[in-house]
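As a basis for the values below, the full set of heavy atoms in this structure was taken, side chains included, without hydrogen atoms, waters or symmetry mates. All residue numbers refer to positions in the sequence shown, counting from 1. When a ligand or atom number is given, it counts from 1 through the structure's own listing order.
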Amino acid sequence: MTDDLLTRIKVMGAVPRHIAIIMDGNGRWARERALPRPLGHRAGMKSVREAVEGAIEAGVEVLTLFAFSEENWQRPPSEISALMDLLEEYIAQEIEELRGEGVSVRVLGDRGRLTASARAAVERVERDTTTGSQLSLNLCISYSSRAEITRAAKLLAEEVLAGALSLDGIDEDAISARLLTAPWGDPDLLIRTSGEHRVSNFLLWQLAYTELYVTQTLWPDFTRATLYEAILDYQRRERRFGKVPV
Ligand code: FPP
């Protein structure tokens, strides 16, 4: 069944170059099983592997995952600490495989708020995977899109004040170039799991013309087949970027 979906993707042609995912529903998955929430997050780790491997097999170039928002710092300390531990565990467990598969990992967000050991793990995975050319994997951690846009505005203001940039030099490209996602461009497809129709302060600027796909699947139940269904749905759409069909 999964292979069949992959074959259909290849027959359809162009795959989305950049896919972003809001991984949601770990808490509900745990609640349905009367388990503590952190066990839902732990179950979600294997779905991250499914998404990465599925993206590679489908020929996606960039995968941007929303793992932890700035707002998530308001969760109970025990859940935050479980998530930080999981991040370290994910990196320790996957680093060799990611390197072997040619995945280059970057972490986007305010890493200053991470624990020292989580920050060290993040720096290690970035350093050790830098040559990967099969897939760029961006993990958004302690990330907020409004904070990212505010930072870009400050950078531009500083450059204008320093005389390095004129006011006319501030255009859409100048803003995009100062966002954390600048090297990878805008997503073609955004997937959100668990049925919520929200963007939750994720890639607000970058999603201007992104196709949205919402699945009821809770993140721990997400497999590469779920990813392939989303890609097939995307391939059936006509993207117009605000223009009329030709
Ligand atoms: C949203 O579910 C999920 C998160 C806040 C954490 C995402 C973390 C993982 C998938 C595991 C670790 C991943 C990496 C990359 C280390 P929720 O808790 O908001 O679910 P709910 O809406 O059902 O309560």
Side-chain angles (χ1 to χ4, degrees), residues 19-56 62-99 101 103-111 113-115 117-126 128-129 132 135-145 190-203 214-224 226-227:
I19 297 182
I21 307 182
I22 300 178
M23 310 185 286
D24 194 15
N26 294 350
R28 272 160 284 172
W29 184 93
R31 198 174 55 225
E32 281 174 6
R33 289 160 181 77
L35 294 169
R37 292 176 59 83
L39 286 188
H41 299 313
R42 172 169 292 281
M45 249 179 19
K46 71 169 182 354
S47 304
V48 173
R49 187 179 311 139
E50 284 285 311
V52 168
E53 290 175 0
I56 293 173
V62 186
L63 183 65
T64 299
L65 303 180
F66 201 8
F68 192 85
S69 69
E70 281 211 345
E71 293 74 25
N72 287 155
W73 289 111
Q74 291 159 33
R75 292 193 176 195
S78 56
E79 184 173 344
I80 293 175
S81 133
L83 278 164
M84 289 298 122
D85 289 350
L86 271 186
L87 173 63
E88 286 185 53
E89 199 178 315
Y90 172 78
I91 292 171
Q93 240 175 50
E94 303 288 320
I95 194 163
E96 281 315 318
E97 195 152 325
L98 290 167
R99 202 159 45 175
E101 290 170 328
V103 179
S104 143
V105 182
R106 293 302 305 269
V107 171
L108 312 183
D110 181 5
R111 65 180 67 188
R113 294 185 75 176
L114 301 182
T115 58
S117 58
R119 203 161 48 241
V122 159
E123 283 162 9
R124 190 175 71 248
V125 74
E126 287 184 333
D128 289 0
T129 62
L135 176 77
S136 293
L137 173 63
N138 297 319
L139 300 177
C140 295
I141 294 172
S142 191
Y143 170 89
S144 141
S145 180
L190 172 74
I191 300 171
R192 180 162 189 152
T193 58
S194 91
E196 306 288 352
H197 291 71
R198 281 194 291 276
V199 285
S200 301
N201 205 359
F202 186 48
L203 305 177
V214 175
T215 168
Q216 295 298 324
T217 306
L218 303 177
W219 180 252
D221 294 325
F222 185 97
T223 64
R224 69 192 75 194
T226 329
L227 179 75

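For the pair Arg37 and ligand 1, the shortest N or O to N or O distance falls below 3.5 Å. Geometrically, ligand 1 and Trp219 share no nitrogen or oxygen pair separated by less than 3.5 Å.
Interface atoms of ligand 1 facing Tyr90, defined by a heavy-atom separation under 4.0 Å, are 16 (C). Counting the atoms of ligand 1 from 1 in the order shown, those under 4.0 Å from a heavy atom of Arg75 are 5 (C), 17 (P), 18 (O), 19 (O). Per-residue contacts place Leu87 under 4.0 angstrom from the following atoms of ligand 1 (heavy atoms of the residue considered): 16 (C).
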(message) Let's go through Ser47 and Met23 carefully: what are the C-alpha distance in whole Å and the side-chain angles of both, what is the deciding distance for side chain to side chain contact (heavy atoms under 4.5 Å, CB included) to 0.1 Å, and is it a yes or a no?
(response) CA-CA 9 Å; Ser47 304; Met23 310 185 286; over 6 Å; no

Contacts under 3.5 angstrom, residues 63-70 side chains, donor-acceptor by atom type, not counting sequence neighbours:
{"residue": "Thr64", "atom": "OG1", "partner": "His18", "partner atom": "NE2", "Å": "2.8"}
{"residue": "Thr64", "atom": "OG1", "partner": "Asn138", "partner atom": "ND2", "Å": "3.1"}
{"residue": "Ser69", "atom": "OG", "partner": "Glu71", "partner atom": "N", "Å": "3.3"}
{"residue": "Ser69", "atom": "OG", "partner": "Glu71", "partner atom": "OE1", "Å": "3.4"}
{"residue": "Ser69", "atom": "OG", "partner": "Asn72", "partner atom": "N", "Å": "3.1"}
{"residue": "Ser69", "atom": "OG", "partner": "Asn72", "partner atom": "OD1", "Å": "3.3"}
{"residue": "Ser69", "atom": "OG", "partner": "Asn72", "partner atom": "ND2", "Å": "3.3"}

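Of all the heavy atoms of Asn72, the ones lying under 4.0 Å from any atom of ligand 1 belong exclusively to the side chain. Neither the backbone nor the side chain of Met84 has any atom closer than 4.0 Å to an atom of ligand 1 (non-hydrogen atoms only).
With sequence neighbours left out, the side chain to side chain donor-acceptor pair (under 3.5 Å) criterion links Arg124 to no other residue.
A donor-acceptor contact closer than 3.5 angstrom links the side chains of Trp73 and Ser142.
Residue contact check for ligand 1: Glu196 places no non-hydrogen atom closer than 4.0 Å to it. Arg42 does not count as a contact of ligand 1, since none of its heavy atoms falls under 4.0 Å from the ligand. Contact analysis leaves Ser194 out of contact with ligand 1, as no non-hydrogen atom separation drops below 4.0 angstrom.
When all heavy atoms are compared, the tightest approach of Tyr90 to Val48 is OH-CG1, 3.5 Å.
Looking from atom 22 (O) of ligand 1 to the surrounding protein, the closest heavy atom is Arg28 NH2, 2.8 Å. Counting protein heavy atoms only, atom 11 (C) of ligand 1 is closest to His41 O, 3.4 Å. For atom 20 (O) of ligand 1, the closest non-hydrogen atom on the protein side is Gly27 N, 3.0 Å. When only non-hydrogen protein atoms are considered, atom 12 (C) of ligand 1 lies nearest to Met45 CG, 4.0 Å. At the top of the distance list for atom 8 (C) of ligand 1, counting protein heavy atoms only, stands Asn26 ND2, 3.8 Å. Looking only at heavy atoms of the protein, atom 1 (C) of ligand 1 is closest to Met23 O, 3.1 Å. Atom 6 (C) of ligand 1 has as its closest protein heavy atom Ala67 O, 3.2 Å. In terms of protein heavy atoms, atom 15 (C) of ligand 1 is closest to Leu139 CD2, 4.1 Å.
Counting only distance, with no hydrogens or angles, the side chain of Arg49 and the backbone of Met45 share no donor-acceptor pair below 3.5 Å. With Arg37 contributing its side chain and Gly27 its backbone, the two residues share no donor-acceptor pair below 3.5 Å. The backbone N or O of Arg198 lies less than 3.5 Å from a partner atom in the side chain of Arg192, making a donor-acceptor pair. At distances below 3.5 Å, at least one donor-acceptor pair connects side-chain atoms of Glu50 with backbone N or O atoms of Arg224.
Counting heavy atoms from C-beta outward, Arg111 and Ile141 have side chains that stay 4.5 Å or more apart. Side-chain contact between Thr193 and Thr226 is absent, with no heavy atoms from C-beta onward closer than 4.5 Å. Looking only at side-chain heavy atoms (C-beta outward), Leu87 and Val122 come within less than 4.5 Å of each other.
Taking all heavy atoms of Val48, Ile22, Leu86, Asp24 into account, the minimum distance to atom 13 (C) of ligand 1 is reached by Val48.
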